[in-house]
Amino acid sequence: MAAFADLNVALLDDPRETAKLVSKAVQLGFETIALCKIFDPTKGGKKGQKLEGLTPMNWNLFPEIRELKKTHTKLKIMSRITVLLDDSDQAYLLSHDVIQSYDILAIQPRNEKLFQQACQSLEIDVISLNMTERPSFYLKFPTMNAAIERGVHFEITYSPAFRDPSRKKTLIALAINLVATTKGRNVIVSSGATNEMDFRGPYDLINLGLLFNFTEKQSKAALTNNCRAVLFHKEARADTAKSIISGKALTADIEADKDSSGDSTGEDESGSDSDKDDDFEPVEKKAKQE
């Protein structure tokens, strides 16, 4: 089995506090960790100013993490950016050099049009939904299957709901909906932790996944194999971008990398037993707007 991974640990303003989060995740048994920067373009000014203040990851600010890696030789730390999108016109930002400098590229679409665009065409690694409130649109199998076929993964982030117990019911309902629609494929479970108390151990999360209607195998894959598949996808995405710029054919063989890792990420690990291709309707119908 691949190493346990948490691909969404908050990148805090204080590097020392960020290092404490990484240390806590390592203590719990996670060996692959992504530090996540949240970027909201709507907080910017005019079109040319929306990236003002956004900088590439500076690992020199994290000496404690470098020391931690010396004592935990299997530890992998990478960068991630999650872009909050409200309008399809903002999609051009994803190709900016600063955003592309992060290892993992995720987006959180806030409307159905953007969600469809993310599933069908945007060059991203992860689609993250707000798990504390019901989306304003239905999750449909054809749309989400387009993302699955492209190797894009969907994310369940659990810690925001645990901070507010009243949101746990929404988290479970949305997660069940997501798992049913994707048939358990291409789903990762991440913490979204902003403090040490937000984390849960890997085996607690496997049990939590059973509440989401994962099979046990799928629940493990959401913390291991599927996270590793995200890393393979980001490598392929980066190589594709380089080949477009240089005009040269791709030379990286991602499938060979998968084989050499000694652990399969096929549908037997993350797929569902169901063969139905019908759209899955949300647990509760969207309330009509007054």
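As a basis for the values below, the full set of heavy atoms in this structure was taken, side chains included, without hydrogen atoms, waters or symmetry mates. Sequential numbering from 1 along the given sequence is applied to the chain's residues.
- The two atoms that bring Leu122 and Ala91 nearest to each other are CD2-CB, 4.1 Å, heavy atoms only.
- Contact check for Phe4 versus Leu28: no side-chain heavy atoms found under the 4.5 Å cut-off.
- There is no side-chain donor-acceptor pair under 3.5 Å between Arg228 and Thr224.
- Of all heavy-atom pairs spanning Ser190 and Ile188, the tightest one is OG-CD1, 3.9 Å.
- Rounding to the nearest 0.5 Å gives a distance of 7.5 Å between CG of Asn177 and CZ of Arg134.
- Taking CD of Glu31 as the reference point, atom OG1 of Thr73 lies at 8.5 Å (rounded to 0.5 Å).
- Cluster annotation: Tyr102 and Ile38 are assigned to distinct hydrophobic clusters (Ile/Leu/Val/Met/Phe/Trp/Tyr, side-chain heavy-atom contacts under 4.5 Å, transitive).
- In this structure the side chain of Glu196 reaches within 4.5 angstrom of the side chain of Leu21, judged on heavy atoms.
- In this structure the side chain of Asp164 never reaches within 4.5 angstrom of the side chain of Thr132, judged on heavy atoms.
- Considering only heavy atoms from C-beta on, Arg163 comes within 4.5 Å of Asp198 through its side chain.
- A 4.5 Å side-chain heavy-atom check between Leu54 and Ile99 finds at least one atom pair inside the cut-off.
- Of the inter-residue distances, the one linking Ile107 atom CD1 with Leu114 atom CG reads 6.5 Å to the nearest 0.5 angstrom.
- Residues Ile65 and Leu35 are in side-chain contact: their nearest non-hydrogen atoms beyond the backbone lie under 4.5 Å apart.
- A donor-acceptor pair under 3.5 Å is absent between the side-chain atoms of Ser23 and the main chain of Ala19, judged by distance alone.
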Could you pull out all donor-acceptor pairs under 3.5 Å where a side-chain atom in residues 78-86 meets a protein atom, sequence neighbours excluded?
from	atom 1	to	atom 2	distance (Å)
Ser79	OG	Asp103	N	3.0
Ser79	OG	Asp103	OD2	3.3
Arg80	NE	Thr82	OG1	3.0
Arg80	NH1	Leu7	O	2.9
Arg80	NH1	Glu155	OE2	2.8
Arg80	NH2	Thr82	OG1	3.1
Arg80	NH2	Glu155	OE1	2.8
Asp86	OD1	Arg110	NH1	3.3
Asp86	OD2	Arg110	NH1	2.7

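- Heavy atoms from other residues, nucleotides or ligands lying under 6.0 Å from CZ of Arg16 number 12 at most.
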Between Arg185 and Asn145, does a side-chain contact (heavy atoms from CB on, under 4.5 Å) hold up when you go through it step by step? CA-CA 9 Å; Arg185 297 178 297 161; Asn145 190 57; 3.0 Å; yes

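- Of all heavy-atom pairs spanning Cys227 and Ala222, the tightest one is SG-O, 3.5 Å.
- Residues Thr181 and Tyr138 have side chains not in contact (no heavy-atom distance under 4.5 Å, counting atoms from C-beta outward).
- Here the closest heavy-atom approach between residue Gln120 and residue Ala146 is recorded as CG-CB, 4.1 Å.
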Could you go through the side-chain contact (heavy atoms from CB on, under 4.5 Å) check for Val187 and Phe214 one step at a time? CA-CA 10 Å; Val187 180; Phe214 280 124; 3.7 Å; yes

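- Here the side chains of Asn186 and Val152 are not in contact, with every heavy-atom distance at 4.5 Å or above.
- Cation-pi check for Lys183 over Phe141 is met; the charged atom lies under 6.0 angstrom from the ring centroid and within 45 degrees of its normal.
- With no hydrogens or angles considered, a side-chain donor-acceptor pair links Asp6 and Ser191 at under 3.5 Å.
- Heavy atoms from other residues, nucleotides or ligands lying under 6.0 Å from CG of Asp13 number 12 at most.
- In this structure, CG on Leu223 lies 11.5 Å from OG1 on Thr32, to the nearest 0.5 angstrom.
- Atom OG1 of Thr194 and atom CG of Leu11 lie 12.5 Å apart (nearest 0.5 Å).
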Steps toward side-chain contact (heavy atoms from CB on, under 4.5 Å) verdict (Phe62, Ile77): CA-CA 11 Å; Phe62 303 95; Ile77 307 290; over 6 Å; no

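- Remark: Asn8 CG to Cys36 SG distance equals 4.5 Å, nearest 0.5 Å.
- Taking both residues in full, the closest heavy atoms of Met144 and Phe115 are given as CG-CZ, 3.9 Å, listed atom of the first, atom of the second, then distance.
- Connection of Leu178 to Ile124 is established within a shared hydrophobic cluster, with ILVMFWY side chains joined at heavy-atom distances below 4.5 Å, either directly or through further cluster members.
- In terms of hydrophobic clustering, with Ile, Leu, Val, Met, Phe, Trp and Tyr side chains grouped at heavy-atom distances under 4.5 Å, Trp59 and Leu12 are assigned to a common cluster.
- Under a hydrophobic clustering in which Ile, Leu, Val, Met, Phe, Trp and Tyr are joined whenever their side-chain heavy atoms come within less than 4.5 Å, directly or via other members, Leu171 and Phe154 fall into the same cluster.
- Phe199 and Leu208 fall within a single hydrophobic cluster, where Ile, Leu, Val, Met, Phe, Trp and Tyr are joined by side-chain heavy atoms under 4.5 Å apart, directly or via other members.
- Tyr158 meets the ring pair (Phe, Tyr, Trp, His ring centres under 6.0 Å) test with Phe162; sequence neighbours excluded.
- Side chain of Ser128 to backbone of Gln108: no donor-acceptor contact under 3.5 angstrom is found.
- With hydrogens and angles disregarded, no donor-acceptor distance shorter than 3.5 Å links the side chain of Ser219 to the backbone of Glu216.
- His153 places a side-chain N or O within 3.5 Å of a backbone atom of Gly151 that can act as its donor or acceptor partner.
- Closest approach of Ile104 to Ala34, counting heavy atoms only: CD1-CB, 4.1 Å.
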Let's go through Gln27 and Lys24 carefully: what are the C-alpha distance in whole Å and the side-chain angles of both, what is the deciding distance for side-chain contact (heavy atoms from CB on, under 4.5 Å) to 0.1 Å, and is it a yes or a no? CA-CA 5 Å; Gln27 290 176 18; Lys24 180 64 175 181; 4.1 Å; yes

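- Judged by distance alone, with hydrogens and angles left aside, the side-chain atoms of His233 form no donor-acceptor pair with the main-chain N or O of Val126 at under 3.5 Å.
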